[in-house]
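Start at 1 and go down the list; that is how both ligands and their atoms are numbered. No experiment lies behind these values; they were computed from the predicted model shown. What you see below is based on every heavy atom in this structure, not just the backbone, and it leaves out hydrogens, waters and symmetry mates.
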Amino acid sequence: MKLSCRASLIKPSATLAITAKAKKLKVEGKNVVSFGAGEPDFDTPDYIKNAVKNALDKGQTKYTPVSGIDELKAAIAEKFLGDYGVRYENSEIIVSCGGKHSLYNLFSAMLNDGDEIIIPSPYWVSYTEIIKLSGGVPVIADTSKNNFKFNLKLMEGALTAKTKGVILNSPSNPTGVLMDEKDTTDIANFAKKNGLYIITDDIYEKIIFDGKKFFNALMVDKSMKENTIAVNAVSKTYSMTGFRIGYTTGPKDLISAMNNIQSQSTSNPTTFAQYGALAALKGGYEFTVMMRDEFQKRRNYMLDFFDTNIKSMIPIKPDGAFYLFVDISKIFSNAKKEIKINSSTGFCDYLLDKYLVAAVPGIEFGNDNFIRLSYATGLDVIKEGLDRIKEAANSLL
Ligand code: PMP
Ligand code: GLU
């Protein structure tokens, strides 16, 4: 069939593809260690599961309002007031089928053909594709020469007359790096002055290490609400990736347009999953803190291991999330002549084919000198995987 131009512009999600490939190899009986998955390995807490069971028992199996049940929107408003000191009405909130769907609806509602969105690189794989699907143009601002920290200067370098907004994702997928409070403040003030929108993707906001603090554009001052669009989800915070519940807050007219789009595509997000999300948002952060502390232990183990055992691979120290972005360019420059590995994809293929270790090539996140390792997997698996990576790296030098 002759497909639409839009469909042919889009590539499949590499993170999902690699996770699926690793799972398939495991089912075939191969002893694969997967650093692919971008989802917490912890079971969803019982109080959340029980809320879903109760909802089902009570007959919550029918349509809800398109933008989600009022109680859930009220709980989201309460979270925004508590966390950022900013007040939202239900009409400024829409619940969608996961953070990814929130972003899809958002860009469908805000972009005309040719409108540009600045994306700090390295970036999460789906930003560029979702923007292209909406007719927009992703404009990449490389942070690699600034310790992977985005700032106003980098933003100004990417600006054109067509810029409509910028995505801030802190801590970042894939680097785990947190933005500095001052940089966020400068960018927020600049955006406000110049009529640009900040899309703050706060999906990893509760997974931050070493006692560091989260800070987004809404926290600069209350007036930032006008041109800030916040996207979030229960997926990572409560280990609820399969529930597919995300949410967006923003200007009323934008939320209303997203509502129209959602009403003609998915209708409401799954009814009983919304009751699970409600219980999650009301239930505090005890579970999240336990998960965060565990991620921090794994991060520390991995950083130590690379430092001591794999000198040819250099990770960026993450402040949060659960990914390690590792520089492999030394391997390219020092590899044995007969070995022709000179791309992140080549290295990941080598890791999987020869050592049964799944990792995501950095090129998918906009930087071919890196690979991404997700440590959302148990420490024993991490230890085994790192031993294999060490062997692989040594075999190339
Ligand atoms: N933003 C970022 C940065 C992510 O890593 C993810 C992970 N999938 C999402 C948004 C979307 O999450 P979900 O659709 O699973 O809620
Ligand atoms: N965000 C996660 C990741 O980066 C989950 C997979 C996806 O949606 O991309 O791996």
Side-chain angles (χ1 to χ4, degrees), residues 10-23 34-41 44 68 76 94-107 117 119-131 138 148 150 166-179 199-208 214 216 229-248 262 266 269-270 273-274 276-277 280-281 295 318-325 348 358-367 370-377:
I10 306 305
K11 51 181 184 175
S13 163
T15 45
L16 294 182
I18 284 156
T19 309
K21 197 170 167 184
K23 276 191 185 151
S34 180
F35 289 109
E39 61 180 349
D41 50 312
T44 309
I76 292 166
I94 177 170
V95 183
S96 302
C97 310
K100 201 179 263 181
H101 187 224
S102 302
L103 288 162
Y104 179 85
N105 285 341
L106 165 64
F107 290 125
I117 297 289
I119 305 178
S121 157
Y123 48 79
W124 176 47
V125 294
S126 293
Y127 292 147
T128 49
E129 308 311 289
I130 298 175
I131 288 168
F148 297 91
F150 188 57
V166 59
I167 301 182
L168 303 182
N169 173 222
S170 173
S172 137
N173 177 2
T175 63
V177 169
L178 263 183
M179 279 190 67
I199 296 129
T200 181
D201 177 345
D202 300 335
I203 196 153
Y204 298 105
E205 68 171 330
K206 301 293 180 196
I207 306 174
I208 295 181
F214 175 77
N216 71 8
I229 300 149
V231 174
N232 210 323
V234 293
S235 310
K236 318 281 172 168
T237 310
Y238 307 98
S239 199
M240 293 170 70
T241 44
F243 278 64
R244 311 309 303 134
I245 297 289
Y247 50 90
T248 312
Q262 188 155 295
T266 61
T270 302
Q274 291 187 59
L281 284 170
F295 287 139
D319 301 308
F322 36 74
Y323 308 108
L324 202 63
F325 209 47
C348 287
V360 189
I363 188 72
E364 303 292 345
F365 307 91
N367 194 322
F370 283 77
I371 61 167
R372 190 191 80 175
L373 302 176
S374 160
Y375 45 93
T377 189

Given Gly38, Ser235, Gly242, Gly246, which one has a non-hydrogen atom that is nearest to atom 16 (O) of ligand 1? Ser235
At a 4.0 Å threshold, what atoms of ligand 2 neighbour a non-hydrogen atom of Lys100? 7 (C), 8 (O)
The one among Asn173, Ile18, Val125 that brings a heavy atom closest to atom 4 (O) of ligand 2: Asn173
Check for a donor-acceptor pair, side chain of Thr200 on one end and backbone N or O of Asn216 on the other, with a separation under 3.5 Å. no
Would a 4.5 Å heavy-atom cut-off, applied to side chains only, mark Ile229 and Leu106 as touching? yes
Nearest heavy atom to atom 5 (C) of ligand 2 wins, so pick from Ser13, Gly36, Gly38. Gly38
For Gly98, the atoms of ligand 1 under 4.0 Å from one of its heavy atoms are 14 (O), 16 (O)
Subset of ligand 1 atoms that lie under 4.0 Å from at least one heavy atom of Ala233: 16 (O)
Counting heavy atoms under 4.0 Å, the part of Tyr323 that contacts ligand 2 is side chain
Between Glu364 and Lys11 (salt bridge meaning N to carboxylate O under 4.0 Å), is one present in this structure? yes
Among all the protein's non-hydrogen atoms, which is closest to atom 6 (C) of ligand 1, and how far away is it? Trp124 CZ2, 3.6 Å
For atom 1 (N) of ligand 2, which of Glu39, Arg372, Lys236 has the closest heavy atom? Lys236
Any idea which of Lys236, Met240, His101, Arg244 brings a heavy atom closest to atom 8 (N) of ligand 1? Lys236
Could you check whether the rings of Tyr104 and His101 sit parallel, tilted or perpendicular, using 30° and 60° as the cut-offs? parallel
Donor-acceptor contact below 3.5 Å, side chain Ser239 vs main chain Ser235: no
Quick one: look up the protein heavy atom nearest atom 9 (O) of ligand 2 and list residue, atom name and how far away it is. Thr15 OG1, 2.6 Å
Test your reading of the model: is there a side-chain donor-acceptor pair from Ser374 to the backbone of Ala376, 3.5 Å cut-off? yes
Using a 4.0 Å cutoff against the non-hydrogen atoms of Asp201, which atoms of ligand 1 qualify? 1 (N), 2 (C), 3 (C), 10 (C)
Please report whether ligand 1 has a polar contact with Asn173, defined as an N or O pair separated by less than 3.5 Å (distance criterion only). yes
For Tyr127, the ligand 1 atoms with a heavy-atom partner under 4.0 Å come out as 3 (C)
Taking 4.0 Å as the limit for heavy-atom contacts, which would you say applies to Leu16 with ligand 2: side chain only, backbone only, both, or neither? side chain
Arg244 side chain to Ser96 main-chain N or O, any donor-acceptor pair under 3.5 Å? no
Modelled atom types, side-chain donor and acceptor of Glu205 and Asn232, under 3.5 Å: yes
Quick check on the 6.0 Å ring-centre criterion: do Phe370 and Phe148 meet it? yes
Would the distance check show the side chain of Thr270 and the main-chain N or O of Ala273 forming a donor-acceptor pair, the cut-off being under 3.5 Å? no
for atom 12 (O) of ligand 1, nearest protein heavy atom and its distance come out as Ile203 CD1, 3.3 Å
At less than 4.0 angstrom from any non-hydrogen atom of Asn169, what atoms of ligand 1 do you find? 3 (C)
Once you measure the plane-to-plane angle for Phe322 and Phe295, does it fall in the parallel (<30°), tilted (30-60°) or perpendicular (>60°) bin? tilted
